[in-house]
Every structure is written in C-alpha cells, then in structure tokens.
J.: 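The structure's right below; bear with me while I get my questions together.
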Amino acid sequence: MLNIDLPPHPQTLSEWLAHCERLHPVTIDMGLERVQRVAQRMGLAMGCPVITVAGTNGKGSTCAMLEAIYTQSGYRTGLYTSPHLVNFEERCRIAGEPVATQDLLPAFAEVEAARKGQGADQEEVSLSYFEFTTLAILRTLSRSGLDVAILEVGLGGRLDAVNIIDTDCAVITCIAMDHMALLGNTREAIGYEKAGIMRTGRPVVVSDPVPPQSVLDRALEVGADLWRLGKDFHFAGDQQQWGWAMHPSHGGRRYAGLAYPALRGANQLVNASGVLGAVEALRSRLPVTAQAVRNGLSLVELPGRFQIVPGTPTLVLDVAHNPHSVAALAENLDAMGYYPTTHAVFGAMADKDLPAMLERIAPLIDHWHLTDLPLERAIKADALAQVLDGHPATAPGGKTRVAGCHASPMAALRAAVAQADPADRIVVFGSFFTVGGVLQDGVPRMSAKHLVS
C-alpha cells in the first residue's frame, strides 16, 4: 500500500471533489495511459468477478437489475455508476447501499499519493475529475470484500477509465447516437468504442436487438464469447407476464411466468433480457436461483428512469438526454393514458442533437418550462427557447408553447406546478442535472394550488 502521509490536502469529500475539478485542463480526456499509470502505482485490482456494462441507453437499468438479483442471491455486491443525481456517494454502492462518505476519503488520498509519484517514479500525472474519482471508487470497491463488482462505463468503452479493469463478463446495451464529437458520427463507430470492453475468452452479452456490425466484428476479432439477444437468448411476453430462454447451445435455461421488472418503461424487457444473459454467463462462478431472479426484478429501484411520482399533478422524472432515450420516454408517456395538459421542465447540454430529441416528444408537450443548468456544457434556457420556437411542432398552429425560462430546475418546476391543474402531468427530463435539480431536497410532493386548503 502506498504511503498517504501527504502535505496538507483535502479533508472532506466536497474538498476532494473541488480538488479533482481543478487538476486537469479539460473535462473529458479520452485515453487510458494516464489513468493506467496511476492504477499501476496503486496496485489496483479487483478480487472478485467483474461485470462491465457499456452502451448508450439502458446501462443504469441493467446495472440496477444485476445488483438487485445478486443481492437477492445473498452476494455482497459493489456497484459503480455515473453520473449521480444529487449526492456523489450515489456513484458507489456497497451491499445495496450508497457508500459512507468517510469510507471514500482514504481512497481519494491514495489516488493523490499515486498521482504525485513516489520512489523511482516521481513524475506527477494529471487526472481528470472522472479519472480521479473512478480510481477512488474502484479502490474503495476493491477493499470492500465483494462477491461481485458491477461497473458502468461512463462514456464510450475502449478509452473509458473503467476499462482499466479486465471484465469477467461484458454487457453491451442499446447503442444510439450520442457523444458523437468523441465517439464518432455513426452507430458503427460508436459501437466499436463500446465494444472495447470485450476481453478474449470472456462472455459478452449484447442486448441491443440490432447491434452495429462493428460490435459483432470486434467480438470475433478478440475471441470473446458472444451472446446475442434474438440469437443466443430471447424473450416474449404479454400484458401480464413475460418469459426468457437461452438457446440449447448455451444450456437452454428458461424462466417462465416472470412478473415485469419494477422499473417502468417499454424498453425494460430488453434490458432485463441482457441481465439474465449475464447471470447465466457467470452461473458457474455466481450461482443464482430462479427465486432470486424473480425477487430481484420485482424489487429493483432506480430513481430518475421513468419514475412516476403520484400526486396532483402527476410528476414524471426521466434522465432521457439523447434522441433514442427521449423517443422511449415519449412512447412511455403515450402509454400512461389521458392527461388534459402536459407540462415539461427541460434543460439539456448544448452538444446534444436537440431537434432530434424534440422530434418525437414535442407533440406531447403543451407548455415548456426551460431551465439553465450549472455546467458550462449546458445550453442556456433562452437559447433553448429559440430552438423550440424554430421546431416544426411549435410552428403557427402547433400546440407547443414556451411558458418561461428559469435559472434552475426547481424554479422551473415551481412555475410548472403553479400553472398546472390537478389532473395534469409534469415531465422533467433532458439531463441528469435537470432531474437531479428537482431532487435536491428529496422527491417533490405535488399538490396543485387549488387543492390546498
């Protein structure tokens, strides 16, 4: 273990996070050389089976279902996801609970010591916020006595800091157009980056129903054990229940009469199918009972993914932030039934394909409450209003209207509540920061103004 007796350094988590934000000249710096160098100095290694999850959409749901099933099986689980909604500690879960703040601090100090360099290797290494915090969380997980570690890739896969850990089972969820400036302008290019988490001789479960050819080619190139939805395993269901089955070549295991996952949304059976593929792929090392699968899927929770908060009006929270996920949100809103008026609280990053995001959902929104977000990457609310005004759904005769621009998601939500009738619904979406902004003080409890005595 490295000596972590450093000169005066941060003492609290907030101080460490502020330190991480100042270290590196750019926010996102793709590549593994720097983070691998620090990890080697730390002697970082995971002493348990590792599942790494990459993809554009569905990663969070996949990780949550894996965690729930293995927890119900009696295993001590570790989970790393990003970004967080409200508190940084959400990124690291141990045995189903967010990590204690004090348990993270020694790991941050150890990363700093390794980054500074000791002994023969004295060269200081610059790390981005994501790289530094990833190393700290991986160190924390490595010392937590885990039976299984579930790691969500932050962005891409091949050059993401999480990929310094060799996975025992890779899962690749649905691949769509997002982060094109960093990952490429086609699904094939993006798929190639996601496929970088594959390892020779290890299973890779692909839950995208129509994966890019680059993903399949990469599996063949590295000699990964490819498990594909629709070929090696499949699912079917009706309005009451669903079933899942492996191809006989993989053992032919079946699950029949499953209740729908507790996570809402039309795409969750696709995610759950990939989860069961991963569970089967690791069965020899992590046996799981059918009852644990049923219990895990029925108990899984994931805030901000088509989360419906009962009240007057109804509140829907969804971190959808690219065209594919926003289209899924629109499909789920369609399935909710009739609401007289739908109000949106919307804030997004400037580098997103905003017209494509709005294409499917704009016809469902009657009033838009736009919000600034606390990041330089975010588009300002007034600029977002111009995008909406120029969208076909807001043309003369269209029903969509910009109701106001606001300094924060909570201010936008208050304005939406003030305008809404009890039978209406409010949809908060566009970014983790949009949803997180309305969850700062807990889940809002809706009460329309004219129902308050």
Side-chain angles (χ1 to χ4, degrees), residues 1-2 4 16 20 23-24 26-55 59 63 66 77-83 88 91-94 99 104 106-118 121 123-144 146 148-172 179 182-183 192-204 218-219 221-224 278 282:
M1 177 177 174
L2 287 166
I4 57 175
W16 273 116
C20 294
L23 282 179
H24 204 60
V26 293
T27 303
I28 301 174
D29 192 356
M30 306 290 285
L32 298 182
E33 181 180 353
R34 289 172 297 100
V35 70
Q36 279 179 332
R37 187 173 179 182
V38 178
Q40 288 167 359
R41 291 176 179 177
M42 296 169 63
L44 182 62
M46 303 298 292
C48 64
V50 173
I51 304 172
T52 304
V53 182
K59 291 181 297 183
C63 288
L66 284 167
T77 59
L79 174 63
Y80 173 35
T81 61
S82 65
F88 180 86
R91 297 186 180 213
C92 179
R93 291 170 58 87
I94 297 171
V99 67
L104 285 172
F108 274 85
E110 187 171 342
V111 175
E112 180 70 354
R115 188 186 71 81
K116 293 279 191 179
Q118 291 191 352
D121 188 358
E123 182 180 355
E124 183 171 317
V125 179
S126 178
L127 294 175
S128 70
Y129 175 97
F130 180 76
E131 292 165 341
F132 197 117
T133 56
T134 294
L135 287 172
I137 289 174
L138 291 176
R139 168 55 84 209
T140 303
L141 292 175
S142 75
R143 292 192 171 142
S144 297
L146 303 179
V148 58
I150 303 157
L151 309 178
E152 179 188 357
V153 171
L155 191 155
R158 182 175 64 93
L159 299 177
D160 186 90
V162 171
N163 202 33
I164 62 172
I165 302 296
D166 286 331
T167 188
D168 294 283
C169 178
V171 180
I172 297 179
H179 300 294
L182 295 166
L183 303 180
Y192 175 80
E193 295 298 326
K194 309 290 185 186
I197 67 170
M198 298 180 186
R199 295 297 190 269
T200 301
R202 307 283 176 85
V204 53
R218 183 61 179 169
E221 180 183 345
V222 304
L282 288 177

J.: Heavy-atom count check: over 12 atoms from other residues, nucleotides or ligands less than 6.0 Å from E33 CD?
T.: no
J.: Please evaluate residues E110 and R143 with respect to the criterion salt bridge (Lys or Arg N to Asp or Glu O under 4.0 Å), reporting the C-alpha separation (whole Å), side-chain torsions for both, the decisive distance (0.1 Å), and the verdict.
T.: CA-CA 13 Å; E110 187 171 342; R143 292 192 171 142; 2.8 Å; yes
J.: Please test L135 against V38 for side-chain contact (heavy atoms from CB on, under 4.5 Å), starting from the C-alpha separation and ending with a verdict.
T.: CA-CA 8 Å; L135 287 172; V38 178; 3.7 Å; yes
J.: What closest approach, in Å, do I165 and R199 show between heavy atoms, and which atom pair accounts for it?
T.: O-NH2, 3.6 Å
J.: Can you tell me how far apart CD (Q40) and CD1 (I164) are? Round to the nearest 0.5 Å.
T.: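 Q40 CD to I164 CD1: 9.0 Å, rounded to 0.5 Å.
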J.: Any side-chain heavy-atom pair from T133 and C20 closer than 4.5 angstrom?
T.: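 They are in contact (side-chain heavy atoms under 4.5 Å apart), so the answer is yes.
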J.: Show the nearest heavy-atom pair for residues G154 and S82, with the distance to one decimal.
T.: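 Nearest heavy atoms, G154 then S82: CA-OG, 4.0 Å.
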J.: Would you indicate whether the side-chain heavy atoms of L141 and C92 approach each other to under 4.5 Å?
T.: yes
J.: I need the single residue from I197, T52, T167 that forms a side-chain contact (heavy atoms from CB on, under 4.5 Å) with V162. Which is it?
T.: T52
J.: Going through the checks in order, is the side-chain contact (heavy atoms from CB on, under 4.5 Å) test met by L23 and S128?
T.: CA-CA 7 Å; L23 282 179; S128 70; over 6 Å; no
J.: Can you list the residues that meet the ring pair (Phe, Tyr, Trp, His ring centres under 6.0 Å) rule with F132, with sequence neighbours excluded?
T.: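 Result, ring pair (Phe, Tyr, Trp, His ring centres under 6.0 Å) vs F132: F108.
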J.: Quick one: does R93's side chain have a donor or acceptor within less than 3.5 Å of a partner on L79's backbone?
T.: no
J.: Is there a side-chain contact between P83 and R91, using heavy atoms and a 4.5 Å cut-off?
T.: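 Side-chain contact under 4.5 Å: yes.
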J.: Within the structure provided, determine whether F130 and L155 are in side-chain contact (heavy-atom separation under 4.5 Å).
T.: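 Side chain of F130 against side chain of L155, heavy atoms only: no contact under 4.5 Å found.
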J.: Which atom names give the shortest non-hydrogen contact between A136 and A107, and what distance separates them?
T.: O-CB, 3.2 Å
J.: Measure the OG1-CD1 distance between T77 and I94 for me, rounded to the nearest 0.5 Å.
T.: 9.0 Å
J.: Is the backbone N or O of E131 less than 3.5 Å from a side-chain atom of T134, with the two atoms forming a donor-acceptor pair by type?
T.: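 No.
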J.: To the nearest 0.5 Å, what is the distance between OG1 (T200) and CZ (R202)?
T.: 9.0 Å
J.: How close do K194 and G55 get, heavy atom to heavy atom, and via which atoms?
T.: NZ-O, 3.3 Å
J.: Between I172 and A195, which heavy-atom pair has the shortest distance, and what is it?
T.: CD1-CA, 3.9 Å
J.: Within this structure, what is the OG-CE distance for the pair S142 and M42, rounded to the nearest 0.5 Å?
T.: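 CE of M42 is found 7.0 Å from OG of S142.
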J.: T81: which residues meet the side chain to side chain donor-acceptor pair (under 3.5 Å) condition with it, sequence neighbours left out?
T.: none
J.: Quick check: do N163 and L32 have side-chain heavy atoms less than 4.5 Å from each other?
T.: yes
J.: Do Y129 and H24 have side chains that get closer than 4.5 Å, going by heavy atoms?
T.: no
J.: Answer yes or no: is there a side-chain heavy-atom contact under 4.5 Å between L104 and I137?
T.: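 L104 vs I137: side chains touch.
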J.: Before giving the answer on side-chain contact (heavy atoms from CB on, under 4.5 Å), spell out for I51 and V148 the whole-Å C-alpha distance, their side-chain angles and the decisive distance to 0.1 Å.
T.: CA-CA 8 Å; I51 304 172; V148 58; 4.2 Å; yes
J.: Can you spot which of K116, R37, Q36 makes a side-chain contact (heavy atoms from CB on, under 4.5 Å) with V125?
T.: R37
J.: Could you check if a side-chain atom of V204 sits within less than 4.5 angstrom of a side-chain atom of V171, using non-hydrogen atoms only?
T.: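 V204 does not reach V171 side chain to side chain.
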J.: Shortest non-hydrogen contact from M46 to A149?
T.: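 Scanning both residues completely, I find the closest heavy atoms to be CE-CB, 3.7 Å.
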